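Structure record follows, encoded as structure tokens.
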Amino acid sequence: MMKFPRRFLLEGLFESATINIIGLTLLFLTPGLVISGLIEWFSADSHHEFSLFATAVIAAVLGLTLRAVTSIADDSMDRPKAIFSVVAWSWVGCVLIGMLPYLFAGVFPWSRIDNALFETISGFSTTGSTVLRDIEATSSGILFWRQLTQWYGGMGIIVLAVTVLPSLGVGGLQLMTAESPGHESDKLRARSIDTAKSLWLVYFGVTITIALLLWATPSVGLYDAVAHGLSTAAIGGFSTKNGSIGSFDSYIVELIIVFGMFIGAMNYNLQYKFWKSKGNFRVFTRSSEWNLYVRITLSFIGVIFLMNWLMESVDVGTAFRDSLFNVVTLASSTGFGNVRPDGIGNFVLWGTASQLLLLFLMTVGGTFGSTAGGMKIFRMQIGFKALSRELKLIRRPSGEYPIKVGKEKIEEKVVASILGFIALFISLVILGTVSLTFFFNEDLVTSLSGTISAMSNMGPALGEAGPTSNFLEFERGSRSIIAILMIIGRLEIYAVLLMFLSLVDRLKVR
Amino acid sequence: MLFASITLGAISIVSGFADYPSGAGGRVSMVLIISGSFLALFALLNFKGVETFELNKPSEVFSFSFYFLLSFIAFKSILLLASGVVDTIDVAILESTSGITTTAISTLNPESLPTSVNVLRSLTQWAGGLAALFLVFVATPISSSGDNPSAGYGPKIFSRKPLKRMQEISILYGGLTICVFVALKVAGMGFFDSFVHSLTASSTGGFSTKVSSVSSFQSGPIEWVLICAMFLGGLNLGVIWWIGKRKLHNIKSNNELRLYLLMFFGGAVLFWLKGDFLGSFSYQVRDAFFKVASLLSTTGFVNKGWEFSSGISAIALLLLATGGMAGSPGSGFGVHRLIALIKYLRRELTRKYNRQAIRKIKVSGEVVNERELDKLQGYTAIFIFIIAMGSFLLSLDNESLRIEDSIAVSLSAFVTAGPPIAEATLAIEYGIIGNFTLSLLMVVGRLSILPAAYMVLKLSQSIKLNLRGLISSEGTNDEIP
């Protein structure tokens, strides 16, 4: 009887890594909610600070309670099952708490809780699809929280990359560092938590840089600069304006955002090394994934610019500006829009060939170790190398052709995992498309591109889901499917599917 | 080249005599007979030089099929141009490729063509179907490679001796064609139409004598006969052989057949539910089965109302992409590969969950080895990549093409089917880029991806080496005083 208070306070009532880490995650959300609440408080237009402060209190109390009543056993995180459980439930926790400000502030009525859920999932998954009809009519504190959900999502992805994915062999640290052997021990420390801290530092740096650059321009105020800095670094795509980046109607703002999106989709590990080496650019050029990323982006900018210039009736400057912006926004899986009355930023109106190229870019996504979504360039690289090996094997069936990236040989089980991932990605895209068309009568292009966009955490898509569209145009059921795909895409497929398997397994046992 | 020459020669002579000397096609028939005789003679004279003919290695099988296909297309293009049926080289190549690869893509109006040309077209598709079966059941098992999952089928189903096996396959294929012909005739189709449609249905080709394909006949019995013919066309020929031999236990354990049946009947139900068909219940059922049979077997016959609603368009594309069973003249991703892919994905998930799990993947009782599974992953990725590239090139050629139509046409050409998923795209004519893209897609689709890619690489390598040799010899000559 005397032992109970001591255990309760120091060791927790029972051992559960999942609940303990959910508590920790909720505590992480609290500062963001408080900052958003303060912004709302000082805002002259609206006063929904209660909704944000109340959520902050709920998050803090719940977080502290969960931390207090549970403890983590030393070996509890050794099994993949436990890691999936932690990731999945932390996500659920964040989304459930993250949607409360929308509901408390009346942005979405309680009867439309699914919309609040969609907006929050879109935020934490850094997708950027929205169901807000009038963004500018929403109070600044709530909008700031919306931006912060994407930024938190970006932080979460870094944790995912360094802790969860390595155990799956489909991504994460071992692939992030595949091309630069040895640096884990010297510059980037081997322990995953230290690695995460190092990468977070870079993430902070990128966010602040973009915000400062935006603030320095005459057309963007401090609030908008910080808000867009958060969503650009996270490769999210949420904006505080109805017309997204197009609302600023400024070439320089678009260029800063393009720069932000471009570096946001670059491996943070390389950026960290670049920073530590005091600006040695060879850190980047030595990485074949980075080289391919740059080549793909530049060549697509070139081709799409030429096609737009030749096929659309616009001047060369406008064609270049809009091609550059939209290629980078889709290649980096950000999803900002730059639609202006005098421009051609609405890419759903471009020619079919250009749109097909955009669809390809949406699928590929950014590089490993960044906050970008999509299949990732590294996986595409491995896929093509595996294919060329197949061709060599036809000629010499007994030959041995290891797959190399840079000078590093990639393990066969990693190659197999990556090929499996590509096949799974494609299968899910097909399944999503069929579901959207068959059950909800969405048209084929909207369904296909919407599925790819959700899986790649992009935001806008083609057809009815273009950069000027709102996801409210989709049926409720369609939105639910898209939201599920966003989570699946963000957690790199396996984690989510295995979470369900784990759940089914537990139910079976009981 | 000689095989292509003798095949086309024989087909041309038969086609030429089909309406010679009467009718408006008299001149065309003459051209066909003379050219056919010339091709056959050329082949027969040179056959004496071919003392040994061996297909022991995968590369030999690939080379044989590749050069056979290319030579056939080249000879037939020249024939079509010489007979005046087409005016431009790109259309001639498109028509020739469409014929031999059993695709139903055509820019010609069959009703305005002489009988001999319609016979030539249908016989070409029939020969293409037979060649595809020989490739699967005879050539591939010898080399036991390629990306064809049915590599081991031939000797297990038919005779062990390749020549005997070829004979059995020809008898079965010919018998099926005759059955379809008789059934069509009984269903009320004319002699000539029955002849052409039986050839193109059993080969899953899809060429018709009518500009609006099967919808011209407006006949329920004819459509039902063709539904059955297309269904059989998408089946593994071995399954029909087993039924004939009463080896039903082999069929029971075949999960490829089960999935094919599920897709056929399940697809029909989905079409019936979401296809927005009008008319009586029996008409709707027939319509649903016809569309599913045409898409799944990659035949390409078109009946009335070939405009799919949003709700069913993705299902239609999925059926088209899957195609028939391995060991059928149809093309596509293949039911066999689909099963292996589903099982592979399930295993991948299990492995992530339970690292100790060891699980062999079996399709129809046969263990699929790890190398085949590796190939399957590559095949899946490149399958989608080729369709994407095809739709991109087609949309470059025709700016008015919508995204969904460009994807559908590209997929349709690649799986050697023919009909897209919208009536609007049935009549679209393409420019040079479009026609060449379609031809290329059909060739790659018919040869299968890896053999085609291997041959293209081999060809480009030899061109490079020849060029290098040429340049170096020129350099050497310059140095000679």
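All chains are named by letter (A, B, ...) in the order of the sequence lines, taking the proteins before the strands, and each is independently numbered beginning at 1. Keep in mind the model is a prediction, meaning the values are calculated, not measured.
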Looking only at heavy atoms, the pair that brings A:Thr437 and B:Ser310 closest together is CB-O, 3.3 Å
dist B:Leu317:CG -> A:Leu444:CG (nearest 0.5 Å) comes out at 5.5 Å
If one checks every heavy atom of A:Ile426 against chain B at 4.5 Å, the contacting part turns out to be side chain
Taking every heavy atom of A:Ala353 against every heavy atom of B:Ser395, the minimum-distance pair comes out as CA-OG, 3.4 Å
Honestly, the part of A:Leu419 sitting under 4.5 Å from a heavy atom of chain B is both
Bottom line for B:Leu396: the part with an atom under 4.5 Å from chain A's heavy atoms is both
When the 4.5 angstrom heavy-atom criterion is applied to A:Thr446 and chain B, the contacting part is neither
Taken to the nearest 0.5 Å, the spacing of B:Asp397 CG from A:Thr352 OG1 works out to 12.0 Å
Taking everything shown except A:Leu306 itself, do over 12 heavy atoms lie less than 6.0 Å from its CG?
yes
Whatever's closer than 4.5 Å to a heavy atom in chain B on A:Leu448 counts as side chain
Applying a strict 4.5 Å limit to non-hydrogen atoms, the region of A:Phe384 in contact with chain B is side chain
So, the part of B:Ile407 with a heavy atom under 4.5 Å from chain A: the answer is side chain
OG1 of B:Thr380 to CG of A:Leu424, rounded to nearest 0.5 Å, is 11.5 Å
Okay, A:Ala386 and chain B: the region with an atom under 4.5 Å from a heavy atom over there is neither
Closest non-hydrogen atoms of A:Asn441 and B:Gly311, given as atom of the first, atom of the second and distance, are OD1-CA, 3.4 Å
Turns out that what part of B:Phe392 lies under 4.5 Å from chain A's heavy atoms comes down to both
Whatever's closer than 4.5 Å to a heavy atom in chain B on A:Met380 counts as neither
When the 4.5 angstrom heavy-atom criterion is applied to B:Ile384 and chain A, the contacting part is side chain
